[in-house]
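In what follows, a single structure is set out as structure tokens and then discussed.
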There are 2 protein chains.
Amino acid sequence: MKIPNPYAATCPTRLVLDRVADKWTVLILGLLANGPMRFNQLRRQIEGLSQKMLSQTLKSLERDGLISRKAFPTVPVTVEYSITPLGQTLTSTLDALRTWAESHIGEVLDAQKRYDTVA
Amino acid sequence: MKIPNPYAATCPTRLVLDRVADKWTVLILGLLANGPMRFNQLRRQIEGLSQKMLSQTLKSLERDGLISRKAFPTVPVTVEYSITPLGQTLTSTLDALRTWAESHIGEVLDAQKRYDTVA
DNA sequence: CAGTATCCTTTATGATACTG
DNA sequence: CAGTATCATAAAGGATACTG
């Protein structure tokens, strides 16, 4: 049982980290944590998210086993995305990240302002 | 006091999220959490990290107030990077993320294999 | 509705060479 | 040692049009 070292390029942990460290992953997972949603519902919720990026991100999330896709044979077709148990385990961590961002954004912005005015 | 909505494109929280969700940020911050390090020390520790990316990432981390830079007037110059108190507050959250990746990498890899063989 | 396919632009990153 | 500057390339992303 060897512990993966994320500082090695080939480490699979780093691959996961890279996937999670994705612009849309955190936001999509955050929405699905509250309940299933359909494709265009998600699209409307997340500003600036293009159809292409949504489609792409959903596909990798599904591939990683973090969300699941269910299509209903209505006309036109309805597709519902929901979070998996594995995905659930991630959301609490991501929530913490979101929370950090929300509560420290002010300090970061201040630091940036200081940095920019000195330079 | 309004709560920022990260689902809005203009939300500064999303900017922070994007910055944190950076390939190298998590790894660099993780190393500096254990103590100060010099430029090339960091470079050697993180496989696949180019000089350019390191330099660039360190600069934004410093700008965001998450790390601080101190130069010693030796010949040749020595530069030490260390984590700030603000940066400290982030690392526990990022540790959780790293931990998640390490403990769930197996499940993710399995999910990927299943997905790929069906398709 | 929920996508896919294509083209095209922008951004990110790598390689290399150079400097205080 | 700790960078910066420049060039070249690859990858990411957007816009648009089309389909079951």
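Remember, predicted model here, so these are calculated numbers, not experimental data. The basis for the numbers below is simple: all heavy atoms, side chains too, and nothing from hydrogens, waters or symmetry mates. Chain letters run A, B, ... following the sequence lines, proteins first, then strands; residues in each count from 1.
Listed by first then second residue, pairs satisfying ring-ring contact (aromatic ring centres under 6.0 Å, His included) with a partner in residues 53-103 of chain A read A:Trp100-A:His104, not counting sequence neighbours.
B:Thr57 pairs by the side chain to side chain donor-acceptor pair (under 3.5 Å) definition with nothing, not counting sequence neighbours. In terms of the side chain to side chain donor-acceptor pair (under 3.5 Å) criterion, A:Glu80 has no residue partners (sequence neighbours excluded). Annotation: side-chain contact (heavy atoms from CB on, under 4.5 Å) contacts of B:Lys52 (sequence neighbours excluded): B:Ser50, B:Gln56. Qualifying salt bridge (charged side-chain N to carboxylate O under 4.0 Å, His left out) partners for A:Lys59, counting only residues two or more places apart in sequence or in other chains: none. Residues that satisfy the side chain to side chain donor-acceptor pair (under 3.5 Å) test with A:Thr78, not counting sequence neighbours, are A:Thr74. Checked against side-chain contact (heavy atoms from CB on, under 4.5 Å), A:Ser68 has the following partners two or more places apart in sequence or in another chain: A:Ser82, A:Thr84.
OP1 or OP2 of C:dA2 has at least one side-chain nitrogen or oxygen of A:Arg38 nearer than 4.0 Å.
In this structure the side chain of B:Leu49 never reaches within 4.5 angstrom of the side chain of B:Arg43, judged on heavy atoms. Two residues are said to be in side-chain contact when any heavy atoms from C-beta on lie closer than 4.5 Å; A:Tyr7 and B:Glu47 fail this criterion.
Rounding to whole angstrom units, CD1 of residue B:Ile46 and C1' of C:dT13 are separated by 16 Å. The nearest whole Å value for the distance from the NZ atom in B:Lys23 to the P atom in D:dA10 is 16 Å.
A heavy atom closer than 4.0 Å to some atom of DNA chain C occurs in no member of residues 54-73 of chain B.
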Could you run down the sub-3.5 Å N/O contacts of the protein with nucleotides 9-11 of chain C?
none

Pairs counted only when both distances fall under 3.5 Å, Watson-Crick or G-U: show me the 5' to 3' dot-bracket for DNA chain D, [ ] for pseudoknotted crossings and | for other-strand partners. ||||||||||||||||||||
Distance-only donor-acceptor hits, side chain of residues 90-97 of chain B, under 3.5 Å, sequence neighbours excluded:
| from | atom 1 | to | atom 2 | distance (Å) |
| --- | --- | --- | --- | --- |
| B:Thr91 | OG1 | B:Gln88 | O | 2.7 |
| B:Thr91 | OG1 | B:Gln88 | OE1 | 3.4 |
| B:Asp95 | OD1 | B:Arg98 | NH2 | 2.3 |

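The nucleotide whose nearest atom lies closest to any side-chain atom of A:Tyr81 is, among D:dA2, C:dG3, C:dC1, C:dG3.
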Give the B/S/- string for nucleotides 14-20 of chain D, one per nucleotide from 5' to 3', where a protein heavy atom under 4.0 Å of the base yields B, of only the sugar-phosphate yields S, and otherwise -. BB-B--B
